[in-house]
Amino acid sequence: MKYISTRGRAPALNFEEVLLAGLAADGGLYVPETLPQFDAGEIRELAGLDYVSLAERIVTPFVDDCVPPADLRRLLERSYAEFRHNAVAPLVQIAPNQWVLELFHGPTLAFKDFALQFLGRLLDYVLEKREQKVVIMGATSGDTGSAAIEGCRHCRNIDIFILHPHERVSEVQRRQMTSVPGDNIHNLAVQGNFDDCQAMVKASFGDRGFLPQDRALVAVNSINWARIMAQIVYYFYAALALGGPDRPVSFSVPTGNFGDIFAGYLAQRMGLPVERLIIATNRNDVLHRALTTSTYGRQPLAHTLSPSMDITVSSNFERLLFDLYGRDGGAIAALMADFESGDITFSEAAMAQARSLFSSQCVSDDETCAQIASTWNECEYLLDPHTAIGVRAALQSGLAGMCPVVTLATAHPAKFPEAIRSAGLKEEVHLPLHLRDLYERQERFTVLPNELTAVQAFMAANINA
Ligand SMILES: *Cc1c(COP(=O)(O)O)cnc(C)c1O
């Protein structure tokens, strides 16, 4: 399997290279050159497989011979053994034809564990083979940081530096990052906001001179192809459990950077019968506006009850645009260059094609709270605010009259107790057992000024792997 850039001017890479690459040299994102295809008969044969065995079948064609089958199996087994539910991704019914796919049984209680548990192990495996060590650098406003740290905590060949805005992440999220022991784990609390952190990461990828010669810099945000790949699996898993491929299913996906829902799109392109993919957004509705008006434009960031979806642009949307524009890398490069200087308008042909599979809904904080309360009152099921947006969008879509609608539950409600209180619920939300002592655990982080040179000097001086 070869991977090519959405902007058409970077060399094609194999899986191992794309794993370590991050952004392509031309500024584009890597996508598979062709997708493996599963016909209805082949999908039927996947029914009843446990999560790891299904993952093995879905992931193998993407990984190719970069990881031999027995090793791949072992990496997948170890990754999903960390999940605290035997089904890994259980489905729960909340109303007629309405389902919730619980993706929050991993170590950090958010769906990002599905990709990052596997990515950490894959990276370490490949680095061991290459006798190479790397530095991971990432910025987080919450969930990505803890999932990346949990995924890399046992990796001998990786130092991981996670920047978060000092005193601007929730206490649960901060403690999940800073209470993980390990010489290779470095939490940097930057005296700035999330955008400052992200700008420092971007600048560091642009000029890696501050690192020792032998250390490559690796990205773990959702521009990393392996994250998207791992997420394709649970779309198959849910659809198979609900009668696929003989009964099409729709998915409602709480969306920020468009990584998760893009995996659903790939599942559909690989042959899985998917009726609709619903892009569920909070007030940061750049994708909802794109889909309904064909115009893609930045608006000021709004802080909502669903902070993991607070974004102004969705970087992975470029991966979909690449297909919508007939995989013309030159066209995407031109579009993205225009977007640097202002709003852009997509061609009607491209958007008509997008609308044949995707629809979108924008959900306010008030509606999010109302949904948390009504789902609780109807079936005593507690939604986290991100998932509540997905459920609301699913209901508004009216699709349940036609086919099963699965909302991806992207986080555990105990991660966002403020939203539960805002919804007017008095119930105590307990952290799962493995995190019950989170508030007693020792924290470890370094506060740094909002200066690139200070951050880079700290990194250079603290490489331990
Ligand atoms: C990251 C995240 C999202 C958004 O996922 P994308 O892949 O960026 O669209 C939604 N919900 C939660 C809880 C998250 O952590």
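Note that the numbering runs from 1 along the sequence shown for the chain. We count ligands from 1, going down the list as the structure has it; atoms in each ligand are counted the same way.
With salt bridges taken as basic N to acidic carboxylate O contacts below 4.0 Å, one links Lys415 and Asp143. Between Arg7 and Glu318 a salt bridge is recorded (basic side-chain N to carboxylate O distance below 4.0 Å). Salt bridge status for Glu150 with Arg153: present, with a side-chain N to carboxylate O gap under 4.0 Å. Between Arg283 and Asp310 there is no salt bridge, since no side-chain nitrogen of the basic residue lies less than 4.0 Å from a carboxylate oxygen of the acidic one.
When only non-hydrogen protein atoms are considered, atom 11 (N) of ligand 1 lies nearest to Thr410 OG1, 2.9 Å. Protein heavy atom nearest atom 7 (O) of ligand 1, with residue, atom name and distance: Asp260 N, 2.9 Å. Shortest contact from atom 6 (P) of ligand 1 to any protein heavy atom: Asn257 N, 3.6 Å. Of the protein's non-hydrogen atoms, Lys112 NZ, 2.8 Å is the one closest to atom 14 (C) of ligand 1. Counting protein heavy atoms only, atom 9 (O) of ligand 1 is closest to Gly256 N, 2.8 Å.
In terms of polar-atom proximity, defined here as any N/O pair under 3.5 Å, Ala110 makes no such contact with ligand 1. Between Phe258 and ligand 1, an N or O atom pair is found at a separation short of 3.5 Å. Looking at ligand 1, you won't find any N or O of Asp384 less than 3.5 Å from one of its N or O atoms.
Aromatic pair Phe111/Phe104: ring centres not closer than 6.0 Å.
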For this session: For Asp260 and Gln231, run side chain to side chain donor-acceptor pair (under 3.5 Å): C-alpha distance rounded to whole Å, both residues' side-chain angles, the deciding distance at 0.1 Å, then the answer.
Result: CA-CA 7 Å; Asp260 204 5; Gln231 292 168 201; 3.3 Å; yes

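A pairwise comparison of heavy atoms in Phe114 and Tyr80 identifies O-OH, 2.7 Å as the closest pair.
Set against the non-hydrogen atoms of Met309, the atoms of ligand 1 under 4.0 Å away are 10 (C). With ligand atoms numbered from 1 in the order given, ligand 1 contributes 12 (C), 13 (C), 14 (C), 15 (O) to contacts under 4.0 Å with heavy atoms of Asp143.
Looking at Phe111 against ligand 1, only its side chain comes within 4.0 Å, counting heavy atoms.
Judged by the shortest distance from any of its heavy atoms, Ser222 lies outside the 4.0 Å radius around the atoms of ligand 1.
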